[in-house]
Structure formats: C-alpha cells, structure tokens
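First the structure, in the form of structure tokens, and then the observations on it.
Because the structure is predicted, anything quoted here is derived from the model rather than measured. When a ligand or atom number is given, it counts from 1 through the structure's own listing order.
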Amino acid sequence: MKFLIVGAGFSGAVLARQLVDNLDCHVLILEERDHIAGNCHTKRDDSTGIMLHQYGPHIFNTSRKDVWDYVNQYAEFGPYVNRVKAVTHKGIYSLPLNLLTINQFFGKRFSPDEAKTFVASLGDDSIGEPQNFEEQALKFIGRDLYDAFFYGYTKKQWGCEPTELPASVLKRLPVRFNYDDNYYSTNYQGIPLDGYTAIVEQILDHQKIEVKTSCRYESGVEAEYDHLFYSGPIDAFFDHQLGRLGYRTVTFERLDVTHGDYQGNALINYCEEKVAHTRSREDKWFTPWEKHEATVCYREYSQETGSDDLPYYPKRLAKDKDTLQQYVKLAEEQKGVSFLGRLATYRYLNMDQVIGEAIDFSHRWMKAWANKQVSPLFSVKP
Ligand code: UDP
C-alpha cells in the first residue's frame, strides 16, 4: 500500500509514523516549505547557538499522558514552566491573572477567598451565557481587568473587536485565586532539548517514510496512491473556490540587541492598543539549562493574512464559519482523501492537541481500513 500525506508538521509526521508502524505500507510526505515541523520549526541561530522558535513561541504542555509519553519517546525534554509578564497602562504584572496580579493591580492584600469574592463583584451579572470574548471577560472579571489585560492585546492580535470573537478564545486562559503563575493548567510541560524540528525528524526517521520538502502538492498526484491525507489549509485544497478563510499571520522583528539579558523572561505581552507589537520574546530563556552570554530578541506583530502569507491563527468569525461549512460540504463529496490537523480543520489547536488528534485519527482510520468501511473524512469534524 502507498499513502500520500500533504504537510510535514506534527499532524502529517505523527500520522505517517502510525501508518508505517502498524501497516505494511510506504508513505510519501510532500511539504511545500524547505523544512519540516511546520510552524513548530526551531533552528539554532548561526551566530549565537541559541535555539530559535522560528514561527513564534512554542511551549509543549499537555494533560494527556499518552501524548506526553509519545513525544518523550522521540526527544528529551528540559523542565520549563511558562511564566508570562504583561505590560499594561498601570504597570507590569504576572499573567495569567492570579492572586499576585489581582492584589498588585488593585493595591490590595486579599486572601484567596477575599479575592474570589472581590473579582466576582466586578463581574457583570446581567450577562447570561457569554456569546463572545468580551462578554466572557465582562461577566467573569469585569471592566478594569478586561481593559488593562485583554481589550488592546486582543484587538491587535485578531484585528477586530473582541465582541466578534468566540468566548472560547478567552477560555484558553485561567484566572487563579492563588499565587500559581504557571501560564498553563496542564499536567505536563517542557521544552525539547534539541528543539521541535528534531522531534519531527525522529518521528519521520523510518525507512518506509519518504519526505520531499520544497515540494508543493498538485491536485491529481494522489491518483497513484491508496489514500491521501491532507493537512494543509482546507480552502487551498479547493483552490479557494468559495473564498479564503480568515487567518492572522505574525511577523517578527529581530531587535538590535546581541548581548546580556534584554528582558529577563522569555515572553512579555504588551496589552496596550497604542503599542504596535503584541509581545516580545528572548528565546534563550526557553532553555534555561543552556547558558548564553549572547542574546536574540524579537517583537511580534499580528496582521491579516495576504495570499502569500503563512496562516497562523484561524479567526473563525461568523462569515468564516459559514464559508467553512461550505468547504466541509465539498469535502464530503470527495473519495480517497481525509483531512487532519489545524489548517485542514480550521481550528485553533495547540501542539499536543494536534498530536493527540493525529494518534486518535490514525486508530479510527486504520480500523475502518481493516474492516473495509468508509474512511473517516476529518480528524475532528470542523
Ligand atoms: N490575551 C490577551 N492578553 C494577553 C494574552 C492573551 O488579551 O496578554 C488573549 C488574546 O485574545 C489571545 C487569547 O487571550 O489570543 C489567548 O491567549 P494565548 O496566550 O493562549 O494565545 P497564543 O499563545 O496561542 O498566542
């Protein structure tokens, strides 16, 4: 059997490995960029040796033990806890919102219970089930915290009013009434010692997997294969015939600092609308076990995605969801193809979700294949 996979990010790589480990088959992966690992791609800087997150910060975290065990088969992880600082009009605070943030922001000395009661009193009770990002914020944390930490950043990040965004975007971030300033609430967290590209290389290191980089998928080449697994953007698969799905792209400005400690932390968010960038990052802090006198820093800017830009964040506005459903209908008319991953299902996914879904999908797909049933069309139906 011969399978064709489009895309050598985590989706394509994990699926390829699952197929060759479980079936007697050969897999060809076509990757249009000149490297593997998609937007997780990391590369050591030529001049400083610092591991750079080429497409923005990636901190591996998950609560799925099977996913944590899976990635640890292919890489050694260093201990890392993401602790973000946020610059607001009132000063610099710790993010996610936690007891220190609340006490410092309001100049109080609240205990956990007192803070909980206080923040609840700030919330807008007149809002029932929040229908968007802004309502979610106003209902649970109130106007002052929302304006300081979320309104400006979100407007810059997404290029629209937060009322147009789903509440689920804000639900990614916890609010804590203790001094835990870990950005994530997941059980496992770390950064691979040799970066993410090395993990994907290890996953793909199998004699029955062939990868062609700088090779664009052209519709029709799948005719020679038993099945096509597509992890690129779903609208591109159909030549954008129903229009483009909205994405934000990110550009990076390398700062003119080369030595010492620029900002004392890997990530600093800039929450004010008047500051053009969303965050700044100093990549050497992602590997605190490495010691570097040199440094490399970037500012990140979020922009609307043009036809030549890389898609990063799916916007999923109401009009995008309508267009998406029409693409799903087109997909349902296809035979011999399945769609998986962040771009093919047009969803805001973290690395661990992508890996978990690729593993789960591979089991469902192989079961259907073994039983000569219809192949599952999507990793998760969008
Ligand atoms: N967000 C914000 N202010 C911040 C950090 C996050 O308003 O300082 C909002 C913003 O809308 C963002 C969302 O919360 O898109 C989710 O943040 P997360 O850190 O999960 O985004 P990512 O790391 O995926 O860019």
Distance-only side-chain donor-acceptor flag, R299 / Y270, under 3.5 Å | no

Counting from 1 in the order shown, the ligand 1 atoms closer than 4.0 Å to a non-hydrogen atom of L95 are 4 (C), 5 (C), 8 (O)

Under the side-chain hydrogen bond (donor to acceptor under 3.5 Å, both in side chains) test, which residues partner D226, sequence neighbours left out?
-> none

Distance only, no hydrogens: is a donor on one side chain within 3.5 Å (strictly under) of an acceptor on the other, for Y183 and Q189?
-> no

Interfacing atoms of ligand 1 (cut-off 4.0 Å, heavy-atom, C271) | 8 (O)

Which of the atoms of ligand 1 are close to T154, meaning less than 4.0 Å from one of its heavy atoms?
-> 2 (C), 7 (O), 9 (C), 10 (C), 11 (O)

With atoms numbered from 1 as shown, which atoms in ligand 1 lie under 4.0 angstrom from a non-hydrogen atom of F149?
-> 2 (C), 3 (N), 4 (C), 7 (O), 8 (O)

Under-4.0 Å heavy-atom contact with ligand 1, by part of Y151 that carries it = neither

Q157 heavy atoms within 4.0 Å reach ligand 1 at atoms 15 (O)

Between L173 and ligand 1, find which residue part has any heavy-atom pair under 4.0 Å and reply side chain, backbone, both or neither.
-> side chain

Step through it carefully: locate the ring centre of F229, locate the ring centre of W369, and say whether they are under 6.0 Å apart.
-> no

Residue portion contacting ligand 1 (non-hydrogen atoms closer than 4.0 Å) for P162 | neither

min-distance protein heavy atom vs atom 4 (C) of ligand 1 -> N269 ND2, 3.4 Å

